[in-house]
Protein chains: 2
Amino acid sequence: MTSPSLPPITTTCLYSETSIPYYPAMQKTARRSQAIVRPPGRPREFDMDTALDRAVRVFRERGYHATSIGDLTAAMRLATGSIYKAFRDKHAVFLAAFERYTALRQEQTRSAAARGATGRERIRHVLLSYVEHSQGSEGRRGCLVVGGAVELSALDPVVGARVNAQLKSNESFIAGLIREGQADGSIPRHVAADDTARLMICITQGLRVVGKARLPLDGMRLVGVAMKLLA
Amino acid sequence: MTSPSLPPITTTCLYSETSIPYYPAMQKTARRSQAIVRPPGRPREFDMDTALDRAVRVFRERGYHATSIGDLTAAMRLATGSIYKAFRDKHAVFLAAFERYTALRQEQTRSAAARGATGRERIRHVLLSYVEHSQGSEGRRGCLVVGGAVELSALDPVVGARVNAQLKSNESFIAGLIREGQADGSIPRHVAADDTARLMICITQGLRVVGKARLPLDGMRLVGVAMKLLA
DNA sequence: CATAATAGGGAATGGTCATTCCCTATACCT
DNA sequence: AGGTATAGGGAATGACCATTCCCTATTATG
């Protein structure tokens, strides 16, 4: 989905980007049925998703406040002016990076779930995937949801709302898997789906904290223990 | 341990403070057996622990980077110069606040554990205590260990080491309680103490993240589910 | 009572950072 | 070709922030 090089036209005309306005003045993407209409003026040269992936990386490593515009220009390979052409301010860069990050993570989690045949097995794979992402160098890079919750949600209502929504979305995904497991017989009926899902969200978020703090995490062992919650 | 008012002499001569130098030029506390020797010069007027409690509050709410010296002077009720008299720099204030915070939290956790008669009950009370502290306005205030892990451990080896040590200490405390439970018969022998303890640390750290993000946490329900890990 | 030693407090300083400005470049349209 | 609209890039700007300086105050000692 993200290309390492910078194709000059591809991105400009398609608007494959996830959601809401990145841009100070966002044009309506398409008036009627034809979706591919190039907006007026000089087209953007850089690939937005590539640039955002690079911003994600910096924000994950340094957090919001410790990341300067200079850090972003270096990482995103854009000049100061270009960043401010593309985003209202640093806050908007973070928000766009956050969206990009959660979209990619959601994809990874769904595909991990898809590796299981029953509800129970799907949950096992989701948890395993979380442990893997919380471990080693990837884990030390950190998680934007956890980072946003800890560093920003008390100071910034917009980020707070996004973090809250993301956690709820993850939680209801897990709760859904639990109910699937109860339907297919792999998880006992007496398991409290919502409470267990909330606790599992705590586990996943805690894994990221512990992984960032460089405690080693053994996926098989930890998930093995955690699966008792579905007994 | 912390007095709301400011007794003028009490703190200066006793050095009840936890550990390592708060001060740019730390005097040796006592040469021989006599511990109470007032150091030369004008004695400090403010109570160090009270001031640190106020610093803890700001750092918990705003994190490290978003807290300015101005925020600290306002919260600690000290002038800029006085802060730099007492601490080398902002980093040193954070470290001292961190020590103070972990000492108090440790105390609270131990006393929660003491409310239980068996190993199993002690763990239940510890988890319940964590949920309570992660909830509501207290939870929104945040945790310095989680904050330190997320915001600083990758950038600041000193804080990183303290966070790591604190997590390990908490983990071995839990592991100890599990083994106590196995000794007193309240926890089955087949429970893997270390793995379960590590997972429980993930739960506690995750609770703080989720609580900071304003998801409601029901202590009884969550702990009820978590106790399955000891089955 | 002078001296040494440190605390209290606030003004001054130097650096950094987010943001803006401005000039150039590139696209489309008529 | 001229006009319009936006992107690229980097210098300029103004605010803020961590830290230092300096002057005063308070203790002990000789």
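Convention: sequence-line order gives letters A, B, ...; per-chain numbering from 1. Atom set for the values below is all heavy atoms of this structure, side chains included, hydrogens, waters and symmetry mates excluded.
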Engineer: Under 4.0 angstrom, heavy atoms only, what part of the nucleic acid is Thr67(A) near: base, sugar-phosphate, or nothing?
Structural biologist: sugar-phosphate
Engineer: Quickly work out the Arg38(B) CZ to dT26(D) P distance and round it to whole Å.
Structural biologist: 14 Å
Engineer: Atom OG1 in Thr102(A), atom CG in Leu167(A): separation rounded to 0.5 Å?
Structural biologist: 11.0 Å
Engineer: Give me each pair satisfying side-chain hydrogen bond (donor to acceptor under 3.5 Å, both in side chains) with a member in residues 194-203 of chain B, each pair once, sequence neighbours excluded.
Structural biologist: Arg221(A)-Asp195(B), Glu171(B)-Arg198(B), Arg179(B)-Asp194(B)
Engineer: Any side-chain N or O of Thr80(A) less than 4.0 Å from the OP1 or OP2 oxygen of dG9(D)?
Structural biologist: no
Engineer: By nearest atom, which of the nucleotides dA18(D), dG8(C), dT6(C) is closest to the Lys90(B) side chain?
Structural biologist: dA18(D)
Engineer: Can you give me the dot-bracket string for DNA chain C, 5' to 3', counting Watson-Crick and G-U wobble pairs with both distances under 3.5 Å, using [ ] for crossing pairs and | for partners on another strand?
Structural biologist: ||||||||||||||||||||||||||||||
Engineer: Hey, which sits more toward the 5' end of DNA chain D by its nearest nucleotide, Arg42(B) or Ser68(B)?
Structural biologist: Ser68(B)
Engineer: Tell me: OH of Tyr64(A) to C1' of dC17(C), nearest whole Å?
Structural biologist: 12 Å
Engineer: Of all the choices, dG10(C), dG9(D), dA5(C), which nucleotide is nearest to the side chain of Ser82(A) once you look at every atom?
Structural biologist: dG9(D)
Engineer: Which value, rounded to the nearest 0.5 Å, describes the distance between Arg62(A) atom CZ and Leu152(B) atom CG?
Structural biologist: 11.0 Å
Engineer: What is the distance from CG of Leu72(A) to P of dG9(D), rounded to the nearest Å?
Structural biologist: 15 Å
Engineer: Atom CZ of residue position Arg110(A) - does it have more than 12 heavy atoms of other residues, nucleotides or ligands inside 6.0 Å?
Structural biologist: yes
Engineer: For DNA chain D, whose closest nucleotide is more 5', that of Ile69(B) or that of Gly41(B)?
Structural biologist: Ile69(B)
Engineer: Tell me: CG of Asp89(B) to C1' of dC17(D), nearest whole Å?
Structural biologist: 14 Å
Engineer: Distance check needed: dT19(C) C1' versus Tyr84(A) OH, whole Å only.
Structural biologist: 5 Å
Engineer: When the distance from CZ of Arg88(B) to P of dA18(D) is rounded to whole Å, what number comes out?
Structural biologist: 17 Å
Engineer: Is the CZ atom of Arg105(A) crowded by more than 12 outside heavy atoms at less than 6.0 Å?
Structural biologist: yes
Engineer: Who passes salt bridge (charged side-chain N to carboxylate O under 4.0 Å, His left out) against Arg57(B), sequence neighbours left out?
Structural biologist: Glu61(B)
Engineer: Would you please confirm or rule out a distance under 4.0 Å between OP1 or OP2 of dA7(C) and any side-chain N or O of Lys85(B)?
Structural biologist: no
Engineer: Please report, rounded to the nearest Å, how far the P atom of dA27(C) is from the CD atom of Glu45(A).
Structural biologist: 8 Å
Engineer: Write down the distance between CZ (Arg62(A)) and C1' (dC17(C)), rounded to a whole number of angstrom.
Structural biologist: 13 Å
Engineer: Would you mind checking if Lys212(B) and Glu151(A) are paired as a salt bridge, meaning a charged N to carboxylate O distance below 4.0 Å?
Structural biologist: no
